[in-house]
Amino acid sequence: MSSYLSAPHFHDEAAAFKFVEDRVWPNGPTCPKCGEQERVGKLEGKSTRQRVYKCYVCRKPFTVRVGTIFEDSHIPMKLWLQAIFLIASSKKGISSNQLHRVLGITLKSAWFLSHRIRLAMDEQIGKLGEGGGIVEADETFIGKKPGEHRRRGGFGHKNTVLALVERGGKVKSVTVTDFSTVKDTFRNHLDASA
Ligand SMILES: [Zn+2]
């Protein structure tokens, strides 16, 4: 058995696009604007790595990025897939700083990637504690609050991250800037039956 990380979609841009296309478009390339599947052609250009298609109904070119978390991003698709793999396979989560170092991308790109991937994963997970499950909350302090550069004692200068853990399952991390919002955090992320 070969390493999962040796899969071509982690290393080859065209393979990465193909990998995403197969999942987003199970019935073949589909125009994100009008939904056309028949009159769609692949544009053969210099940058065929991007796999650009054209819809001959609404006359617009498109790639599989349109309408997905990969939209409006210049970060190579293979790095997106590496980031998703790293985030999804790590139980304790991966910081933007780690992504920046491991993937060799700027910190800004790393932040952008992890923000989008986490949002998408949150949407998929939904609320915790559905069906009366038990959810435990734990708080931790990480990093500096934006705009704070001076060192201060205590935890005042740190961001508070509230981690919600469902027994035997899902985990959510939420940044809390003010303790008065903790109640809202519970309301937004927990199922009423939890
Ligand atoms: Zn179209």
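One-based numbering, in listed order, for ligands and for the atoms of each. These numbers were taken from a predicted model, which means no experiment stands behind them.
- M77 and I75 end up in the same hydrophobic cluster when Ile, Leu, Val, Met, Phe, Trp and Tyr side chains are linked at under 4.5 Å.
- Within the sub-2.8 Å shell of the Zn ion (ligand 1), the protein contributes these N/O/S atoms: C31 SG, C34 SG, C55 SG, C58 SG.
- Listed by chain and number, the residues in a salt bridge (charged side-chain N to carboxylate O under 4.0 Å, His left out) with E36 are R39 (sequence neighbours excluded).
- Sorted by first and then second residue, the pairs that involve residues 16-31 and meet side-chain hydrogen bond (donor to acceptor under 3.5 Å, both in side chains), not counting sequence neighbours, are K18-D22, E21-R51, E21-Y53, T30-Q37.
- The side chain to side chain donor-acceptor pair (under 3.5 Å) check on S114 picks up S96, with sequence neighbours excluded.
- Here the side chain of H11 pairs a donor or acceptor atom with the backbone of L5 at under 3.5 angstrom.
- Checking S109 against T106 by side-chain atom types alone, a donor-acceptor pair falls below 3.5 Å.
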